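One structure is given here, and the rest of the page talks about it.
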Number of protein chains: 2
Amino acid sequence: MADAADIREERTSVDDIFDTLRAEIMALELRPGDKLSESDMAARFGVSRQPVRDAFNRLANQDLLVIRPKRATEVKRFSMREIEKSRFVRAAVEEKVLRLAAENCDLVGAARLDMSIAEQEQLLETASFDSFGALDLIFHKTLSQIAKTEFAFDVILTEKTKIDRLCVLGLSKEQRLPDLVEDHRRIADAVKQHDGEAAVQAGMVHLGRLDETIARIEAQNANYFEIR
Amino acid sequence: MADAADIREERTSVDDIFDTLRAEIMALELRPGDKLSESDMAARFGVSRQPVRDAFNRLANQDLLVIRPKRATEVKRFSMREIEKSRFVRAAVEEKVLRLAAENCDLVGAARLDMSIAEQEQLLETASFDSFGALDLIFHKTLSQIAKTEFAFDVILTEKTKIDRLCVLGLSKEQRLPDLVEDHRRIADAVKQHDGEAAVQAGMVHLGRLDETIARIEAQNANYFEIR
DNA sequence: GATTTCATTCTTGCATACTAGAATTGCGAA
DNA sequence: TTCGCAATTCTAGTATGCAAGAATGAAATC
């Protein structure tokens, strides 16, 4: 569900526009509430309104734009309900994954977890924080694989994406990373020891960090949120 | 995410086409693998290709169509991976909901559950099986409300929808309904007695019925499934 | 000065025409 | 009969123009 390539089999100019705008929206270069015009975008990308229109439609379907006929199209504001939903789904899915992972973790799985944790700790030392996102995904994907529920990673990825746009407004990665890596280490240890309960506990602590972050962001950026 | 009204603020002809086609796809009147043509649909709905195109895009984004540029647009086949994913998410979310519901169920909640169960049992006697779908949704929605996680119902609805298209191929409602209502009664009883564990157990039995159904459908309708 | 009204402008919705490329079909040759 | 090639017909992608409604700003009125 993430990018255009999942749905179509060949790239068109609509795909380019879609991917570009999506990245800008996710990075908050286009901010919640910003108005977008089909004509402006057409001029910017050097195409007619039509492909822009198609791209807008796709973005609206992914809950990133709101199209208000004959009025305007704007970048969707954050919705606390949507965020709570993502938070809830992630918690539910990760809990199941961690229990299954703890149950099914074999030597190969343990080795892969060790490797993943080692990479993350190395990254902390070399201070190349930007590539943490990729390592984070690999870690959770590895857990899904050990749990023999690979499709669970799709869900985690989808829900994570929804919250990521919000987290751009939070603290810098430099500040958050040490805690996150420590969380991961605890989760990995529990899974390796087949202690599902401890793994779930560590996982909930991990997710809990999001809550503080989200609460602070909401307090400081009310204008980016839907009125409720 | 279910219908067009969630995204747009005013109905357009695109909305009509989208809703109509969506219903037909869900009811398998348009079957997996069927080819759709923008021109044909335009003629059928008495509009130009453009609104049809927009509707196709939306349906593709909801994983109901596959658009292959310059080739064709066809109704998406079932994907076992997608189905397993929905099954997993539903299990994870419902488990959390049932535990929270058992924890938080008060007298008002208990009364609402009784009412819902009574309606379902009455429906069994009057044999008006077609309206069970609505009652089923209400039951799960009530549970989400008792659990104070109303947004969880959105998820359940979304995932259920994905599997519903498949279940059209299964046994008649007449055959399945008695068991389903009995499952619901057990779940409601457990929740009312604040027995989270029993509620989850009954919930898993309830979901487990899907697995047999899905396996049989896959065996008998391989042509409706993606090759893997 | 505040408010109301109206014209202008900007928005998206829809129709039409054209293009490029894939699939299909029919014909001709082996 | 079968195979291959070419013409035709289908597909969706894109450009353009017009229509209808909403927003905006200026002018007129109180």
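Here is how names work: the chains are called A, B, and so on, in the same order as the sequence lines, proteins then strands, and each is numbered from 1. As the structure is a computational prediction, the values presented were derived from the model and not from experiment. Just the heavy atoms: all of them, side chains too, but no hydrogens, waters or symmetry mates, feed the values below.
At a non-hydrogen distance threshold of 4.0 Å, B/V47, B/S48, B/R49, B/Q50, B/P51 from residues 44-53 of chain B come into contact with DNA chain C.
Taken from CZ in B/R112 to CZ in B/F139, the straight-line distance is 11.5 Å, to the nearest 0.5 Å.
When every heavy atom of A/V168 is checked against every heavy atom of A/M26, the shortest pair comes out as CG2-O, 3.6 Å.
The side chain of B/T12 lies closest to C/dC14, out of C/dA23, C/dT12, C/dC14.
Between A/D54 atom CG and C/dT12 atom C1' there is a gap of 13 Å when expressed in whole angstrom units. As a whole-Å value, the separation of B/R68 CZ from C/dG21 P is 17 Å. To the nearest angstrom, P of D/dA12 lies 12 Å from NZ of B/K70. Going from atom CG of B/L65 over to atom P of D/dA12 covers 10 Å, rounded to whole Å. If you measure from atom CZ of B/R71 to atom C1' of C/dA23, you get 10 Å, rounded to the nearest angstrom. The CD1-P distance, from B/I67 to D/dG13, rounds to 6 Å in whole Å.
The shortest side-chain heavy-atom distance between A/L64 and A/R22 falls under the 4.5 Å cut-off. Between A/S79 and A/I83, the closest side-chain pair of non-hydrogen atoms is not below 4.5 Å.
With no hydrogens or angles considered, a side-chain donor-acceptor pair links B/D136 and B/H184 at under 3.5 Å.
OP1 or OP2 of D/dA12 has at least one side-chain nitrogen or oxygen of B/T73 nearer than 4.0 Å. Dashed line: the shortest gap from a side-chain N or O of A/S37 to OP1 or OP2 of C/dT11 is under 4.0 Å. Proximity of B/S13 to the phosphate of C/dC14: a side-chain N or O atom is located under 4.0 Å from OP1 or OP2.
Geometrically, A/R58 engages A/F18 in a cation-pi contact defined by less than 6.0 Å to the ring centre and at most 45° from the axis.
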